[in-house]
Amino acid sequence: MARGAFPDTHPLALGMPGMHGTYAAVVALQECDLIVALGARFDDRVTGKLAAFAPKAKIVHADIDPAEIGKNRAPDVAIVGNLRGVLPELVVAMRTLVNGAGRARTADWLATTAGWKRAYPLRYTQDSDGPLKPQHVVERLSAMTSGDAIIVAGVGQHQMHASQHYTFTKPRSWINSGGAGTMGFAVPAAMGAQIGRPGELVVAIDGDGCFQMTAQELATCAVEGLPIKVLIFNNGFLGMVRQWQELFYEERYSEVHLGTAIPDYVKLAEAYGCAGLRCEQAGDVDAVLEKALAITDVPTVVDFRTHDAEGVFPMVPAGHANDDIVLGPEFTAAEQQAAARREVIAS
Ligand SMILES: Cc1ncc(C[n+]2csc(CCOP(=O)(O)OP(=O)(O)O)c2C)c(N)n1
């Protein structure tokens with residue numbers, strides 16, 4: 001939820017932890033001996049199987065809400081308070097420790113985590129004449145906006161792809177419903193963000209399923225002159241549910257197929273007084289994004305026809321320990337085995 005509070009570009013940033021987190025972030029939590037959790041709640045999408053989460057770690061847990069302390073993982077040190085006051089005090093305490101006992105020896109650990117980051121990055125393939133990959137759209141958006149946008153998301157694969165592949169460098173630039181899992185969140189939340197931060201670029205990355213839950217709010221955006229951008233990752237499926245049915249229910253697909261053509265999102269956008277654009281090929285992504293970003297007088301909807309079978313990886317299967325992290329089809333069996341042993345092999 002706090003992507004951007006600590007910039008993704010910092011060498012010490014390992015990325016998002018959890019069910020679809022980066023290998024480096026997930027495994028660093030499993031292997032470390034101390035976690036300082038600031039305003040985090042150890043929910044199941046981060047911890048995986050709770051009893052197997054971060055088995056070697058002592059926990060310092062600071063949160064403004066006393067109900068969060070010990071709710072899931074019992075802390076070794078509990079701090080209740082606003083981080084505005086807690087953090088400076090922690091820094092002073094840390095300095096005192098360092099002055100007395102000297103700096104902790106972290107060189108080996110940092111080399112290890114950097115090795116994991118290099119060996120097991122987020123990986124996907126975009127063939128120039130193959131189906132359009134959602135990750136590619138996010139990466140191009142990230143590059144073209146230099147991280148200078150407020151990114152809002154719905155719930156599902158598109159949300160995970162957005163969080164994984166957008167380079168967040170500023171606080172409060174990633175708005176989504178997190179653990180609440182609120183499909184339909186993106187358009188209204190983008191509307192609110194645009195009202196709160198007029199003049200800034202607000203981009204909703206939404207799924208075709210989510211979008212159809214609250215698309216009518218485009219009318220409000222048009223009437224109120226809010227130039228939000230809505231990028232629909234139209235894979236024709238409730239993609240995240242499809243992925244679970246593929247991986248865990250032997251491809252018995254049920255109630256997940258939406259089709260890409262109905263409704264016609266370009267016409268729908270136009271009916272709501274918005275600009276409507278479509279993009280079907282990787283080679284057109286830059287031009288279509290450029291066009292969308294240049295429209296500032298009305299809301300803009302882009303129908304990105306994305307690959308219908310693309311999955312989100314890495315993945316920790318629900319209920320499993322984070323140690324069971326699966327790197328996904330872009331990695332070889334040898335790489336997956338080395339990763340399970342925490343080894344770094346040259347790829
Ligand atoms: C109101 C609601 N219903 C069901 C779910 C369960 N759910 C989580 S993701 C998802 C599919 C989302 O599909 P889509 O918006 O097309 O996004 P995609 O996963 O394809 O990117 C569903 C049904 C939910 N989180 N909220």
Side-chain angles (χ1 to χ4, degrees), residues 1 3 16 18-21 43-46 122 124 126 131-142 151-166 174-190 203-218 228-249 251-266 268-269 278-280 285 301-319 328-329:
M1 292 292 278
R3 303 296 314 289
M16 177 172 73
M19 181 176 272
H20 291 297
D43 70 284
D44 65 3
R45 294 301 149 109
V46 167
L122 297 168
Y124 72 97
Q126 175 65 72
L132 176 58
K133 298 294 181 76
Q135 301 95 322
H136 175 70
V137 179
V138 178
E139 277 195 2
R140 292 312 303 147
L141 177 73
S142 187
I151 306 297
V152 185
V155 180
Q157 292 183 313
H158 63 281
Q159 173 195 29
M160 294 298 108
H161 284 136
S163 180
Q164 287 183 339
H165 291 277
Y166 196 86
W174 170 235
I175 304 200
N176 77 116
S177 63
T182 315
M183 284 179 72
F185 182 81
V187 173
V203 182
I205 293 177
D206 213 357
D208 43 336
C210 289
F211 177 74
Q212 292 187 75
M213 290 186 165
T214 51
Q216 71 275 21
E217 299 299 339
L218 285 175
I228 64 165
K229 319 284 175 250
V230 183
L231 313 184
I232 303 172
F233 285 11
N234 179 6
N235 54 9
F237 279 94
L238 297 173
M240 187 55 95
V241 182
R242 185 199 169 283
Q243 177 170 345
W244 284 43
Q245 291 177 351
E246 178 184 345
L247 296 176
F248 311 120
Y249 294 89
E251 301 181 30
R252 287 198 290 269
Y253 298 116
S254 172
E255 322 307 327
V256 287
H257 184 236
L258 304 175
T260 46
I262 297 173
D264 182 326
Y265 293 109
V266 172
L268 189 74
R278 179 165 291 132
C279 180
E280 300 182 70
V285 169
V301 176
V302 187
D303 176 15
F304 282 102
R305 296 285 175 90
T306 51
H307 185 36
D308 58 2
E310 190 67 12
V312 184
F313 290 98
M315 177 169 198
V316 178

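Because the structure is predicted, anything quoted here is derived from the model rather than measured. Each residue takes its place number in the sequence, starting with 1. Atoms within each ligand, like the ligands themselves, are counted from 1 in listed order.
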Atoms of ligand 1 close to [X] [distance to a heavy atom under 4.0 angstrom, numbered from 1]:
{"X": "V241", "result": "10 (C), 22 (C), 23 (C)"}
{"X": "G209", "result": "14 (P), 15 (O), 16 (O)"}
{"X": "M240", "result": "9 (S), 19 (O)"}
{"X": "N235", "result": "20 (O)"}
{"X": "G156", "result": "9 (S), 19 (O)"}
{"X": "H158", "result": "15 (O), 17 (O), 18 (P), 21 (O)"}
{"X": "G239", "result": "13 (O), 18 (P), 19 (O), 20 (O)"}

Looking only at protein heavy atoms, which one is nearest to [atom], and what is the separation?
{"atom": "atom 9 (S) of ligand 1", "result": "V155 O, 3.6 Å"}
{"atom": "atom 11 (C) of ligand 1", "result": "L238 CB, 3.8 Å"}
{"atom": "atom 6 (C) of ligand 1", "result": "M183 SD, 4.3 Å"}
{"atom": "atom 25 (N) of ligand 1", "result": "G181 O, 2.8 Å"}
{"atom": "atom 15 (O) of ligand 1", "result": "C210 N, 2.7 Å"}

I want to know if ligand 1 touches [X] in the polar sense, i.e. an N/O pair below 3.5 angstrom.
{"X": "M213", "answer": "no"}
{"X": "F237", "answer": "yes"}
{"X": "Q157", "answer": "yes"}

Decide yes or no for [X] and [Y]: does some side-chain heavy atom of the first lie under 4.5 Å from some side-chain heavy atom of the second?
{"X": "I151", "Y": "R3", "result": "no"}
{"X": "H136", "Y": "F304", "result": "no"}
{"X": "M160", "Y": "M19", "result": "no"}
{"X": "T182", "Y": "C210", "result": "no"}
{"X": "L141", "Y": "I205", "result": "yes"}

Quiz item: When rounded to the nearest 0.5 angstrom, what distance separates NE2 in H161 from NZ in K133?
Solution: 9.0 Å
Quiz item: Roughly how far, to the nearest 0.5 Å, is CG of L231 from OG1 of T306?
Solution: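 T306 atom OG1 to L231 atom CG measures 11.0 Å (nearest 0.5 Å).
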Quiz prompt | side-chain contact (heavy atoms from CB on, under 4.5 Å) partner of Y265, chosen from V230, I232, V302 | solution =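 Among V230, I232, V302, the one that satisfies the side-chain contact (heavy atoms from CB on, under 4.5 Å) with Y265 is I232.
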Exercise. Assign the ring pair F237 / H257 to parallel, tilted or perpendicular, where the plane angle (0 to 90°) is split at 30° and 60°.
Key: tilted
Quiz item: So does F248 have more than 12 non-hydrogen atoms from other groups sitting under 6.0 Å from CZ?
Solution: yes
Quiz item: Contact between F233 and ligand 1, counting heavy atoms under 4.0 Å?
Solution: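 Checking ligand 1 against F233, which is what was asked, there is no heavy-atom contact under 4.0 Å.
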